Amino acid sequence: SRRQRQMCKETGIISCLAQIVISCFTSFLVSAVAIEKGLSLNMILLFSGIGGVFAVPILKIVGAKVRQMLNSNDLLK
């Protein structure tokens with residue numbers, strides 16, 4: 001029972017760290033796009049923060065767009 005609790009804690013910590021990495025990666029991607037668009041520093045910081053908070057929905061949208069582009073070019077077939 002004690003071992004199960006320890007395993008549960010470790011799984012929770014790993015899951016939390018994975019979510020932090022995903023949020024940071026998405027935040028970096030969104031800020032890179034904002035820099036590319038030539039936005040001001042305040043807007044870059046704003047979009048970077050929003051990108052980190054909404055990481056999963058943003059990655060799903062980007063993934064769908066990439067899949068759509070690849071399917072339209074028949075690269076996957």
Side-chain angles (χ1 to χ4, degrees):
S1 185
R2 181 178 173 161
R3 184 166 173 83
Q4 286 178 330
R5 279 188 268 136
Q6 182 67 24
M7 290 288 287
C8 186
K9 285 181 184 178
E10 289 174 4
T11 303
I13 290 171
I14 291 171
S15 177
C16 182
L17 290 174
Q19 187 62 43
I20 291 170
V21 169
I22 291 169
S23 294
C24 289
F25 175 72
T26 307
S27 178
F28 170 74
L29 288 179
V30 172
S31 63
V33 170
I35 290 170
E36 183 67 28
K37 296 284 184 181
L39 298 177
S40 68
L41 179 62
N42 288 336
M43 293 303 288
I44 292 169
L45 292 174
L46 175 76
F47 281 112
S48 178
I50 290 173
V53 171
F54 296 109
V56 173
I58 289 172
L59 289 177
K60 284 183 181 180
I61 292 169
V62 170
K65 293 288 185 183
V66 168
R67 248 181 271 114
Q68 184 181 17
M69 285 178 11
L70 291 175
N71 286 333
S72 67
N73 289 331
D74 295 328
L75 293 174
L76 295 178
K77 295 181 181 178

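What you are looking at is a predicted structure, and each value in this text was computed from that prediction instead of being measured.
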To the nearest 0.5 Å, tell me how far [X] [atom1] sits from [Y] [atom2].
X: L59; Y: L29; atom1: CG; atom2: CG; answer: 7.0 Å
X: S48; Y: L41; atom1: OG; atom2: CG; answer: 10.5 Å
X: F28; Y: I35; atom1: CZ; atom2: CD1; answer: 8.0 Å

Backbone N/O of I44 and side chain of S31: donor-acceptor pair under 3.5 Å: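 The answer is no, because no donor-acceptor pair under 3.5 Å joins these two groups.
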
Please answer whether the main-chain N or O of S23 pairs with a side-chain N or O of T26 as donor and acceptor at a distance below 3.5 Å.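 Judged by distance alone, no pair lies under 3.5 Å.
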
In terms of hydrophobic clusters joined by side-chain contacts under 4.5 Å, are [X] and [Y] together?
X: I50; Y: V53; result: yes
X: I58; Y: M43; result: yes
X: I13; Y: I20; result: yes
X: M69; Y: I61; result: no

Minimum heavy-atom separation for G51 and V30, please, with both atom names.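 Minimum heavy-atom contact is CA-CG2, 3.9 Å.
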
Taking side-chain hydrogen bond (donor to acceptor under 3.5 Å, both in side chains) as the test, write out the residues that go with E10, two or more places apart.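 Scan of E10 (side-chain hydrogen bond (donor to acceptor under 3.5 Å, both in side chains), adjacent residues dropped) gives Q6.
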
Could you tell me if the side chain of L70 sits less than 4.5 Å from the side chain of R67, heavy atoms only?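 R67 vs L70: side chains apart.
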
